[in-house]
Amino acid sequence: MKKVLGNLALVSVLAMTGCATTGGERDYSQSLYLRGQFAWWDALPEYKVKKVDTGVYRTEIELKADGQPYEFKFGDANWSNGTNCGYLSEKDDKEVTLNTPVRANCSAVFENFRFTPPESAVYGFYFDVTGETPKVYIKKAN
């Protein structure tokens, strides 16, 4: 009886945290969006990420360079724990510059990334989960 209750407790915890029980890579393209001031923080279909490589997801957005930073995060439609991704360290990861990965914390609450585009252009926003800690980076789109 204790073993059954223990197994039920473990299954309940896994279900609540969203952990995969079958192993393998989680597919963020099913639920993750680039969210920020540019979209009133809504999870809009045009900012849903697409898988571009194993563990790497991307979406594009056109930004205006007016000297002001854009605040953003990666998150699902409900800001769920584990998919509410902001900066890990305010000192090292909050300000994002082109082509420079920063670390993400996917249990963030108010830790918004900031990016000041150097020119008005279309930018690719990347979410990379290939390492131990998720990373975020931005590249100018071709």
Side-chain angles (χ1 to χ4, degrees), residues 3-142:
K3 186 175 183 177
V4 170
L5 289 176
N7 287 340
L8 286 173
L10 177 60
V11 169
S12 297
V13 168
L14 291 173
M16 289 188 302
T17 61
C19 294
T21 58
T22 59
E25 177 190 333
R26 179 177 180 174
D27 186 1
Y28 287 95
S29 67
Q30 300 302 309
S31 61
L32 201 65
Y33 298 83
L34 176 66
R35 301 182 67 172
Q37 295 169 310
F38 46 83
W40 297 98
W41 295 97
D42 289 333
L44 300 178
E46 59 265 36
Y47 302 131
K48 193 172 194 179
V49 301
K50 293 179 177 87
K51 188 174 186 176
V52 294
D53 202 349
T54 301
V56 181
Y57 302 85
R58 175 181 186 242
T59 191
E60 290 184 348
I61 182 170
E62 184 174 357
L63 299 177
K64 303 290 181 207
D66 61 2
Q68 298 299 312
Y70 287 87
E71 291 196 9
F72 71 95
K73 293 171 99 173
F74 283 93
D76 69 3
N78 299 313
W79 297 111
S80 302
N81 190 29
T83 54
N84 184 357
C85 306
Y87 64 79
L88 182 63
S89 163
E90 184 170 11
K91 178 180 178 276
D92 299 324
D93 304 310
K94 182 176 182 178
E95 300 292 332
V96 183
T97 58
L98 286 179
N99 307 312
T100 306
V102 294
R103 297 169 300 162
N105 167 16
C106 289
S107 295
V109 178
F110 300 111
E111 297 82 6
N112 303 331
F113 291 108
R114 290 174 48 163
F115 172 64
T116 305
E119 62 182 289
S120 295
V122 175
Y123 293 93
F125 283 69
Y126 293 81
F127 182 71
D128 182 341
V129 293
T130 58
E132 225 175 278
T133 302
K135 297 216 182 322
V136 168
Y137 55 95
I138 301 170
K139 294 183 177 184
K140 189 174 173 190
N142 295 332

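These numbers were taken from a predicted model, which means no experiment stands behind them. Values reported hereafter were calculated over all heavy atoms of this structure, with side chains retained and with hydrogens, waters and symmetry mates removed.
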Notebook entry, point to check: Where is the tightest heavy-atom contact between Val109 and Asn84, given as atom of each residue plus distance?
Noted result: CA-ND2, 4.3 Å
Notebook entry, point to check: For the side-chain contact (heavy atoms from CB on, under 4.5 Å) test, which of Tyr126, Phe115, Tyr70, Phe113 pairs with Ile138?
Noted result: Phe115
Next item on the list: Could you pull out all residues at least two apart from Lys51 that satisfy salt bridge (charged side-chain N to carboxylate O under 4.0 Å, His left out)?
Entry: Glu25
Notebook entry, point to check: Closest approach of Val102 and Asp92, non-hydrogen atoms and distance?
Noted result: CG1-O, 4.1 Å
Next item on the list: For the residue pair Asp76 and Thr83, confirm or rule out a side-chain donor-acceptor distance under 3.5 Å.
Entry: yes
Item checked: Ion pair Lys64/Glu62, N-O distance below 4.0 Å -> yes
Checklist line | SB check Arg58 Glu60 (cutoff 4.0 Å) | finding: yes
Item checked: Distance, nearest 0.5 Å, that separates OH of Tyr87 from CG of Asn105 -> 10.0 Å
Note to self: For the residue pair Arg35 and Trp40, would you count it as a cation-pi contact if the rule is NZ or CZ under 6.0 angstrom from the ring centre and within 45 degrees of the ring axis?
What the structure shows: no
Check: For Val49 and Leu34, what are the C-alpha separation, side-chain angles and deciding distance, and is it a side chain to side chain contact (heavy atoms under 4.5 Å, CB included)?
Finding: CA-CA 7 Å; Val49 301; Leu34 176 66; 5.5 Å; no
Notebook entry, point to check: CG of Leu98 to NZ of Lys139: how many Å apart, nearest 0.5 Å?
Noted result: 10.5 Å
Item checked: Glu71 CD to Arg114 CZ distance, which is reported to the nearest 0.5 Å -> 6.0 Å
Margin query: Nearest 0.5 Å, please: how far is CZ in Phe74 from OH in Tyr47?
Written below: 12.5 Å
Next item on the list: Could you check if a side-chain atom of Tyr28 sits within less than 4.5 angstrom of a side-chain atom of Tyr33, using non-hydrogen atoms only?
Entry: no
Check: Could you state the interatomic distance from OG1 (Thr116) to CD (Gln68), rounded to the nearest 0.5 Å?
Finding: 8.0 Å
Check: For Thr97 and Tyr137, what are the C-alpha separation, side-chain angles and deciding distance, and is it a side chain to side chain contact (heavy atoms under 4.5 Å, CB included)?
Finding: CA-CA 8 Å; Thr97 58; Tyr137 55 95; over 6 Å; no
Notebook entry, point to check: Looking only at heavy atoms, which two atoms of Lys48 and Thr59 are closest? And how far apart?
Noted result: O-OG1, 3.6 Å
Checklist line | Side chains of Val56 and Thr130 in contact at under 4.5 Å (non-hydrogen atoms) | finding: yes
Notebook entry, point to check: Using a distance-only test with no angle check, is there a side-chain donor-acceptor pair under 3.5 angstrom linking Ser80 and Asn78?
Noted result: no
Next item on the list: Return the minimal non-hydrogen interatomic distance between Asn81 and Ser107, and the atom names on each side.
Entry: OD1-OG, 2.8 Å
Next item on the list: Report yes or no: does Asp128 contribute a side-chain atom to a donor-acceptor pair with the main-chain N or O of Val136 at less than 3.5 Å?
Entry: no
Next item on the list: Verify whether the ring centers belonging to Phe72 and Phe125 lie closer than 6.0 Å.
Entry: yes
Next item on the list: Heavy atoms only: give me the nearest Leu63-Pro117 pair and the separation to one decimal.
Entry: CB-CG, 4.1 Å
Check: Which residues pass the salt bridge (charged side-chain N to carboxylate O under 4.0 Å, His left out) test with Glu90, sequence neighbours left out?
Finding: Lys94
Margin query: For the SG atom of Cys85 and the CZ atom of Phe127, what is their distance to the nearest 0.5 Å?
Written below: 4.0 Å
Margin query: Looking at every heavy atom in both Pro134 and Cys106, which two are closest together, and how far apart are they?
Written below: CG-SG, 4.1 Å
